[in-house]
Amino acid sequence: MALIPDDKIEARFEQLASEADRVDVAVAWVRPCDAVQVLIESGTPVRIIAGISINSTDPSSLKNLAEQDHVNLRIVPNGPKIFHPKYFCFHGKKTVCWIGSSNLTRGGFGRNTELVHEFVISRSEDECWFEMQWQKLAADPGPQLREYESSYVPPKTNLRTISQKDVRESDLPHLDQVESWEDFVEGIRTYDEWWCNQYGFGVIGETHSWFHTLDCSKQLVRFKNWNELSKREYQILRGSNSEEGSWALLGGGVRGVAAYVINPENAQDTRNLRESVKSQIERVLQADDSTIRPLAFDAMKKIWRIQRPGVNQGVGPAAATRWLTLARPDCLVSVNSASSRRLGESSGLPKGTNSLSNRYDELLAWLHSQTWFNEAKRNEIEDPLEREIWDRRAALVDVFVYEAEQ
């Protein structure tokens with residue numbers, strides 16, 4: 001038996017999920033987080049019971065899980081009682097069980113002060129509780145998920161509009177001043193305080209932040225089918241701001257042909273354009289470290305030049321690099337009118353969006369050669385927030401170069 005504190009929960013979860021033959025989960029809430037991605041990428045058979053009380057579960061996260069062949073999802077409908085357990089069971093040579101405070105959310109896996117009790121149980125003990133809950137619920141989550149999505153209203157959140165530190169503009173490091181991994185992490189923390197004070201959104205917050213935009217968008221970009229997205233999901237992919245989040249970060253507010261590709265209409269030519277974009281994203285998702293730069297450059301150019309029939313205009317580089325960066329925030333960066341000037345200054349490349357995008361392969365080569373980009377090794381990072389930063393480190397360059405409209 002052991003007590004797992006919040007700074008150890010994520011690493012231990014990854015270890016147990018990788019060793020398990022199957023995993024059972026029952027939680028009150030599910031939202032975009034690395035733990036969800038671990039379950040998706042592991043390929044291990046997973047059964048998940050998810051609550052949806054007070055709209056604290058993200059419907060897109062449920063859709064993301066439901067479309068995975070190895071994940072079996074069941075949803076607890078709203079009722080007189082709130083479904084509130086936090087239960088994880090990892091079946092293998094021995095059955096390891098977690099009972100604690102962690103939901104399947106970013107907060108539950110290291111952001112909040114959480115505690116998990118880990119212990120070994122017998123198969124009969126597990127089946128006694130989880131199987132009873134499982135059998136009560138509809139085997140097909142589709143109707144419940146569609147109903148929940150159509151009526152979903154995001155819960156109101158308290159924004160971190162004022163930080164605890166008096167950060168001045170002169171305290172903000174320029175990207176070309178960042179040398180070590182420690183410099184990069186400290187820079188992210190400093191910019192988080194600055195943006196909270198100045199604009200009411202931050203970098204690392206659970207809502208209204210670069211992290212929130214990346215996490216909510218990443219799962220949508222990776223959806224197998226863009227033809228069944230909700231109005232809210234199209235809004236997120238287009239980068240349209242809302243009260244729920246700062247979706248316009250990382251080159252949002254897409255227009256023209258790009259906006260036509262990402263809209264709720266499902267005309268055949270729209271579907272064809274989406275399929276062309278998705279095919280390029282899939283190539284990038286499957287790339288390894290040795291091929292990612294030339295492949296991403298080629299995929300970006302192909303998306304850039306996708307045209308709507310009868311319109312002599314392509315998707316453009318801003319939308320192309322945005323969507324690819326949302327898919328692979330570990331190694332790609334968004335190039336747009338708000339970021340290109342400072343990106344060009346730091347890299348020694350052109351400053352215009354089109355000119356810099358035409359040399360996107362050189363930009364990535366420069367980025368991937370930086371000491372801070374290569375210095376840290378993820379499996380050696382103990383701090384949960386630093387691991388999150390590492391997984392998003394290329395995309396988070398945007399924090400250093402973004403110039404907000406005055």
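Small disclaimer: the values here were computed from a predicted structure and weren't measured.
- Ile4 CD1 to Glu118 CD: the interatomic distance, rounded to the nearest 0.5 Å, is 4.5 Å.
- If you take CD1 on Ile9 and CZ on Phe88, they are separated by 9.0 Å, rounding to the nearest 0.5 Å.
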request  = May I have the step-by-step check of side-chain hydrogen bond (donor to acceptor under 3.5 Å, both in side chains) for Arg12 and Gln15, ending in yes or no?
outcome  = CA-CA 5 Å; Arg12 180 61 174 159; Gln15 178 188 354; 3.1 Å; yes
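- Of the possible donor and acceptor atoms, one in the side chain of Asp183 sits under 3.5 Å from a partner among the backbone N and O of Glu179.
- Ion pair Glu19/Lys93 not flagged as a salt bridge, since none of the NZ, NE, NH1 or NH2 atoms sits closer than 4.0 Å to an Asp/Glu carboxylate oxygen.
- Ionic pairing of Glu193 and Arg189 is not present here: no N-O contact between side-chain nitrogen and carboxylate oxygen is shorter than 4.0 angstrom.
- Both tests do not hold together for Arg342 against Phe400: distance to the six-membered ring centre under 6.0 Å, angle to the ring axis within 45°.
- Leu62 is listed as a side-chain neighbour of Ile52, based on a closest heavy-atom distance under 4.5 Å.
- You'll find the side chain of His84 stays beyond 4.5 Å of the side chain of Val27, heavy atoms only.
- Counting only distance, with no hydrogens or angles, the side chain of Ser101 and the backbone of Leu115 share a donor-acceptor pair below 3.5 Å.
- Not one N or O on the side chain of Thr321 forms a donor-acceptor pair closer than 3.5 Å with the backbone of Ser334.
- Among all heavy-atom pairs drawn from Pro155 and Asn55, the shortest one is CD-O, 3.2 Å.
- Between Val185 and Trp390 the shortest side-chain heavy-atom distance does not fall below 4.5 Å.
- A salt bridge links Arg378 with Glu14: the distance from a Lys NZ or Arg NE/NH1/NH2 to an Asp or Glu carboxylate oxygen falls below 4.0 Å.
- Taking each heavy atom of Ile281 and Ala327 in turn, the nearest pair found is CG2-CB, 3.9 Å.
- Between the Asp171 side chain and the Arg168 main chain, a donor and an acceptor come within less than 3.5 Å of each other.
- For CG of Asp289, the number of neighbouring non-hydrogen atoms (other residues, nucleotides, ligands) closer than 6.0 Å is 12 at most.
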task = Applying salt bridge (charged side-chain N to carboxylate O under 4.0 Å, His left out), run through Glu275 and Arg271 and close with a yes or a no.
result = CA-CA 6 Å; Glu275 190 57 39; Arg271 288 172 174 262; over 6 Å; no
Under 3.5 Å, which donor-acceptor pairs do the side chains of residues 133-145 form with other protein atoms, sequence neighbours left out?
{"from": "Asp140", "atom 1": "OD1", "to": "Gly142", "atom 2": "N", "distance (Å)": "2.9"}
{"from": "Gln144", "atom 1": "NE2", "to": "Ile75", "atom 2": "O", "distance (Å)": "3.2"}

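- In this structure, CG on Asp391 lies 12.0 Å from CD on Glu386, to the nearest 0.5 angstrom.
- Judged by distance alone, the side chain of His208 and the main-chain N or O of Gly202 form no donor-acceptor pair under 3.5 Å.
- In this structure, Glu147 places its CD atom where only 12 or fewer heavy-atom neighbours from other residues, nucleotides or ligands lie under 6.0 Å away.
- When side chains are defined from C-beta on, Glu182 counts as touching Glu375, because their heavy atoms get closer than 4.5 Å.
- Counting all heavy atoms, side chain and backbone alike, Ala28 lies closest to Thr57 at O-OG1, 3.6 Å.
- Using cut-offs of 30° and 60° for the angle between ring planes, the Trp372 and Phe184 rings count as parallel.
- Distance OG/Ser102 to CH2/Trp29: 12.5 Å, rounded to 0.5 Å.
- Of all non-hydrogen atoms in Gln68 and Asn64, the two that sit nearest each other are NE2-O, 2.9 Å.
- In summary, the side chains of Asp298 and Tyr360 do not present any donor paired with an acceptor at a separation below 3.5 Å, with no hydrogens or angles considered.
- Using a cutoff of 4.0 Å between basic side-chain nitrogens and carboxylate oxygens, Asp383 and Arg387 are not scored as salt-bridged.
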Asp288 vs Thr291, side-chain hydrogen bond (donor to acceptor under 3.5 Å, both in side chains): CA-CA, chis, key distance, verdict = CA-CA 6 Å; Asp288 57 27; Thr291 61; 3.1 Å; yes
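- For Arg47 and Glu131, the salt-bridge test passes: some basic side-chain N is under 4.0 Å from an acidic carboxylate O.
- Checked against the 6.0 Å centroid criterion, the rings of Tyr234 and Trp226 do not qualify as a close aromatic pair.
- The neighbour count for Lys231 NZ, taken as heavy atoms of other residues, nucleotides or ligands under 6.0 Å away, does not exceed 12.
- When all heavy atoms of Pro317 and Asn354 are compared, the closest pair comes out as CG-OD1, 3.4 Å.
- Checked by atom type, the side-chain pair Ser339/Glu403 shows no donor-acceptor distance below 3.5 Å.
- When side chains are defined from C-beta on, Asn336 does not count as touching Leu250, because their heavy atoms never get closer than 4.5 Å.
- Salt-bridge formation is detected for the pair Glu345/Arg341: a Lys NZ or Arg NE/NH1/NH2 atom is positioned less than 4.0 Å from an Asp or Glu carboxylate oxygen.
- One finds the CD atom of Glu382 at 4.5 Å from the NZ atom of Lys8 (value rounded to the nearest 0.5 Å).
- Taking the six-membered ring where the residue is Trp, Trp210 and Phe201 present tilted rings, their angle falling between 30° and 60°.
- Salt bridge absent: Arg359 and Asp361 never bring a charged side-chain N and a carboxylate O closer than 4.0 Å.
- Using a 4.0 Å cut-off between charged side-chain N and carboxylate O, Glu114 and Lys86 make no salt bridge.
- Between Glu380 and Lys377, no side-chain nitrogen of the basic residue sits less than 4.0 Å from a carboxylate oxygen of the acidic one, so the salt-bridge criterion is not met.
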task = Evaluate salt bridge (charged side-chain N to carboxylate O under 4.0 Å, His left out) for Arg111 paired with Glu206, printing each intermediate quantity in order.
result = CA-CA 8 Å; Arg111 286 308 191 87; Glu206 191 150 6; over 6 Å; no
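- The closest side-chain heavy-atom distance from Phe211 to Asp192 is not below 4.5 Å.
- Each salt bridge (Lys or Arg N to Asp or Glu O under 4.0 Å) pair with one or both residues in residues 59-82, not counting sequence neighbours, appears once here: Lys63-Glu149, Lys63-Glu233.
- Pairs of residues two or more places apart, or lying in two chains, that qualify as salt bridge (Lys or Arg N to Asp or Glu O under 4.0 Å) and include a residue from residues 316-336 are Arg328-Asp330.
- Atom NE2 of His368 and atom CD1 of Ile292 lie 7.5 Å apart (nearest 0.5 Å).
- Note: Phe119 and His117 have tilted aromatic rings, judged against thresholds of 30 and 60 degrees for the angle between ring planes.
- Taking both residues in full, the closest heavy atoms of Thr113 and Asp6 are given as CA-OD2, 3.5 Å, listed atom of the first, atom of the second, then distance.
- Within the 4.5 Å cutoff, side-chain heavy atoms of Leu229 are placed close to those of Leu237.
- Residues Arg222 and Glu41 are paired through a salt bridge, judged by an N-O separation under 4.0 Å between the basic side chain and the carboxylate.
- Counting only N and O atoms by type, the side chains of Gln280 and Arg283 include a donor and acceptor under 3.5 Å apart.
- For Arg392 and Asp215, the salt-bridge test passes: some basic side-chain N is under 4.0 Å from an acidic carboxylate O.
- Judged by distance alone, the side chain of Gln370 and the main-chain N or O of Trp366 form a donor-acceptor pair under 3.5 Å.
- For the pair Lys218 and Pro32, the minimum side-chain heavy-atom distance is 4.5 Å or more.
- A ring-centre distance under 6.0 Å is found for Tyr402 and Trp195.
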